[in-house]
A.B. asks: 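This is the structure, below, for whatever I ask next.
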Protein chains: 2
Amino acid sequence: MAKTQTKAAAKLPLNEILSGDCIEEMNALPENSVDLIFADPPYNLQLKGDLHRPDNSKVDAVDDDWDQFDSFAVYDKFSREWLRAARRILKPNGAIWVIGSYHNIYRVGSALQDAGFWILNDVVWRKSNPMPNFRGVRLTNAHETMIWAGKSEKSKPTFNYEALKALNDGVQMRSDWLLPICNGNERIKDDNGEKAHPTQKPESLLHRIIVGSTNAGDVILDPFFGSGTTGAVAKKLGRDFIGIEREAKYRKVAEKRIKGIRRFDKESLLVSTSKRAEPRVPFGQLVERGMLKPGDQLFSLNGRHSAKIRADGTLIAHDQRGSIHQVGAALEGAPSCNGWTYWCFKKRGEAIPIDMLRKKIRAEMRAN
Amino acid sequence: MAKTQTKAAAKLPLNEILSGDCIEEMNALPENSVDLIFADPPYNLQLKGDLHRPDNSKVDAVDDDWDQFDSFAVYDKFSREWLRAARRILKPNGAIWVIGSYHNIYRVGSALQDAGFWILNDVVWRKSNPMPNFRGVRLTNAHETMIWAGKSEKSKPTFNYEALKALNDGVQMRSDWLLPICNGNERIKDDNGEKAHPTQKPESLLHRIIVGSTNAGDVILDPFFGSGTTGAVAKKLGRDFIGIEREAKYRKVAEKRIKGIRRFDKESLLVSTSKRAEPRVPFGQLVERGMLKPGDQLFSLNGRHSAKIRADGTLIAHDQRGSIHQVGAALEGAPSCNGWTYWCFKKRGEAIPIDMLRKKIRAEMRAN
DNA sequence: GATGCCAGTGAATCGACAG
DNA sequence: GCTGTCGATTCACTGGCAT
């Protein structure tokens, strides 16, 4: 199994931009080989006539040839095909992010569910500086929608909860993200000074996605690579990327852009990790190592209960026997209990959570 | 034509709550007779086991029978049928609002487009006080999605641009609406003191929708009437409503609720605007947005300490890791520390407080 | 009356792993 | 694949009651 994956990974065209149709190119890649896919598929915009600002200057709308689709049926077929190809190359625990607007996201979201992907969250990118609705006939279209989905219901995709919490000043990251659109220095211009790609995404958006849902060294594929924002941020953050882009002019823009980017140093790539990633320490080890002794009393954090430690690392309190978790849960009448934070021992009259002792052991383990 | 509509309108059961299946009830109404439809269909949540909060209390989940569907196919069939019935009774320039979450909104949105509705905007209801993700395994599901669509591409639905602009402190109303969920006094309780309906929507949401997309005297139909928020707000705002609700207990709740409501006088229809607090800017956003980079050094205001920035917006200094506030406090041996004023970055040899960057972001946010 | 503390709760697809 | 066990995990707001 491990060997197969290594072999598959060895065949991947890492940190390259593939030329051609994304469905064909994805079909040529080995299955179960990619950790994350970020996709910004063409929008099914149906602009009737040109859109003008109040001063009659023309708005540079997204009206390139590749963005026109005859009907929902054609668009749906296209969506189903690229999603199927994308799903094949994803690792079993891989995930996908798709971004879209109301023109296409309901089609894409349905196709994604039908293909077997399992939605984890949808995320709203709130633009801090959206284009106003010049004619005053609608609400300002101030957001785009992203869908984050695992390859299947059974998938266990990477989610760096603590890192995203840190990015959000210590409170859970929500499903609505306020970020500016890509303009100013970041917006790539061509030789004529015009924007090199009509829908260049901001790097801040990809930063949050990549920090939140990949680990360093992961492979991120973008089937609609465009100006290469995915590749640029992946490189900065020490991830590998695979880009697919049909249009030569965009490939050229992206290649030049990514060449000029340097990876952040290793230490700053580390992000806050979850306790779940820490090695498990059985409570019995505290007894074996003499940090606590059989016969010692433990006291509940709320002071209402006490229990005695037995030689095998179980507790006994009245008629309750079992692990620190089981006895804690039973005494509290709770469905479950984290014994590590529930129980305290006394040292010079002071109650100290037994988790302090576990931390000590873990620090020793790290030192060795 | 005008005569036909008058005749049709005369047959409408205005300001009543119809009992029965919404598809049958809508099919019994005359075509082209309703100005607006607001629909809050079942979300098809697929919940597995129980969920407990970290304090071990059990979450009261939406596990009612009316939200159970066997498959996407069954749910899609249901959506297509009620949308078809809804579209028939809409006036040619009528419009529909549908609300949903990621579980169902992509299905509903696709069905709506397939039925011939024309999406005008999608609107994100950002909850100011959503339920957190208790297990820390996903993003906080902090929003729901609403789709606003005309009966057809040719429809010219009512849009009270100026009224919404006034509601929004004089700037164009955006497609993301920050409103609290329905609780406190507004949340209707049954005789046992329990919530009378599991998914009662806040009146503020309906207020904005009705002010923005109907005129006084319009007829608003809600095929999933529930606790009757649509009817309550319609009555307050001088619109007529038609409710359809299958469950007797909900009809009873709604009837009693609406009976106690008085129509606003004309002058008081414009509600007071909410004051905007200074938005919170997480330090991580400076990193995501490239204003500071992972690996960059920060220096303390007093010049005694330095720290390095990591990709998730935490700092690292010797053995200290954590937020700008935590690391600052640790280095100073202080109980707390305002990292925004404590840390500086260097630009052309000059030390500049990072708070300058936050001010820049806030200025941008205010400008839009 | 003002303030502070505690308890309660909201449309939720809410584990990982050994045996 | 199933079962049992370990043990990680929450934000904003409201209302009641004590101080």
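Lettering follows sequence order; numbering is per chain, from 1.
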A.B. asks: Could you tell me whether B:Y250 and B:H197 have their ring centroids closer than 6.0 angstrom?
C.D. replies: yes
A.B. asks: Assess whether a salt bridge exists between B:D176 and B:R174, defined as any Lys/Arg side-chain N lying under 4.0 Å from an Asp/Glu carboxylate O.
C.D. replies: yes
A.B. asks: Over how many whole Å does the gap from A:K156 atom NZ to C:dG15 atom P extend?
C.D. replies: 9 Å
A.B. asks: Between the side chain of B:T229 and the main-chain N/O of B:K201, is any donor-acceptor distance below 3.5 Å?
C.D. replies: yes
A.B. asks: Rounded to the Å, how far apart are A:R280 CZ and D:dG4 C1'?
C.D. replies: 13 Å
A.B. asks: Please pick, from C:dT13, C:dT9, C:dA12, the nucleotide with the shortest atom-to-atom distance to any side-chain atom of B:Y102.
C.D. replies: C:dT13
A.B. asks: Nearest-Å distance, CG (B:L51) to C1' (C:dA11)?
C.D. replies: 13 Å
A.B. asks: Sticking with atom P, work out how far C:dC14 lies from D:dC6, rounded to a whole angstrom.
C.D. replies: 23 Å
A.B. asks: Aromatic ring centroids of B:W148 and B:W97 under 6.0 Å?
C.D. replies: yes
A.B. asks: Among C:dT9, C:dC14, C:dA11, which nucleotide sits nearest the side chain of B:K127?
C.D. replies: C:dA11
A.B. asks: Using modelled atom types only, decide if a donor and an acceptor are shared between the side chain of A:W125 and the backbone of A:L179 within a distance under 3.5 Å.
C.D. replies: yes
A.B. asks: Please tell me which of the listed nucleotides, D:dC13, D:dG7, C:dT13, lies nearest to the side chain of B:R138?
C.D. replies: C:dT13
A.B. asks: C:dT13 base stacked by A:W118? Criteria: ring centres under 5.5 Å, plane angle under 30°.
C.D. replies: yes
A.B. asks: Please tell me which of the listed nucleotides, D:dT14, D:dT10, C:dT13, lies nearest to the side chain of B:N183?
C.D. replies: D:dT14
A.B. asks: Using a 3.5 Å distance criterion without hydrogens, assess whether the side chain of A:E162 forms a donor-acceptor pair with backbone atoms of A:T273.
C.D. replies: no
A.B. asks: Could you run through DNA chain C and flag its stems, i.e. three or more consecutive Watson-Crick or G-U pairs with both distances under 3.5 Å?
C.D. replies: C:2-10 with D:11-19, C:15-19 with D:2-6
A.B. asks: May I ask you to verify if any side-chain N or O of A:S323 is less than 4.0 angstrom from the OP1 or OP2 atom of D:dC6?
C.D. replies: yes
A.B. asks: Does B:D40 reach a base, just sugar-phosphate, or nothing at all? Heavy atoms under 4.0 Å.
C.D. replies: base
A.B. asks: Out of C:dA12, C:dC14, C:dT9, which nucleotide sits closest to the side chain of B:N133?
C.D. replies: C:dC14
A.B. asks: Check DNA chain C against residues 157-165 of chain A and give the residues with a non-hydrogen atom under 4.0 Å, in numerical order.
C.D. replies: none
A.B. asks: Answer with base, sugar-phosphate or nothing: what part of the nucleic acid does B:P41 contact at a heavy-atom distance below 4.0 Å?
C.D. replies: base
A.B. asks: Heavy atoms only, 4.0 Å cut-off, all strands: where does B:K48 land among base, sugar-phosphate and nothing?
C.D. replies: nothing
A.B. asks: Per the salt bridge (charged side-chain N to carboxylate O under 4.0 Å, His left out) rule, what does the pair list look like for residues 185-196 of chain B, sequence neighbours excluded?
C.D. replies: B:D60-B:K195
A.B. asks: OP1, OP2 of C:dT13 versus side-chain N and O of B:H103: anything below 4.0 Å?
C.D. replies: yes
A.B. asks: If you compare every side-chain N and O of B:R53 against the phosphate oxygens of D:dT10 (OP1, OP2), does one of them come in below 4.0 Å?
C.D. replies: no
A.B. asks: Could you please name the option among D:dT10, D:dC6, C:dG15 that lies closest to any side-chain atom of A:Q326?
C.D. replies: D:dC6
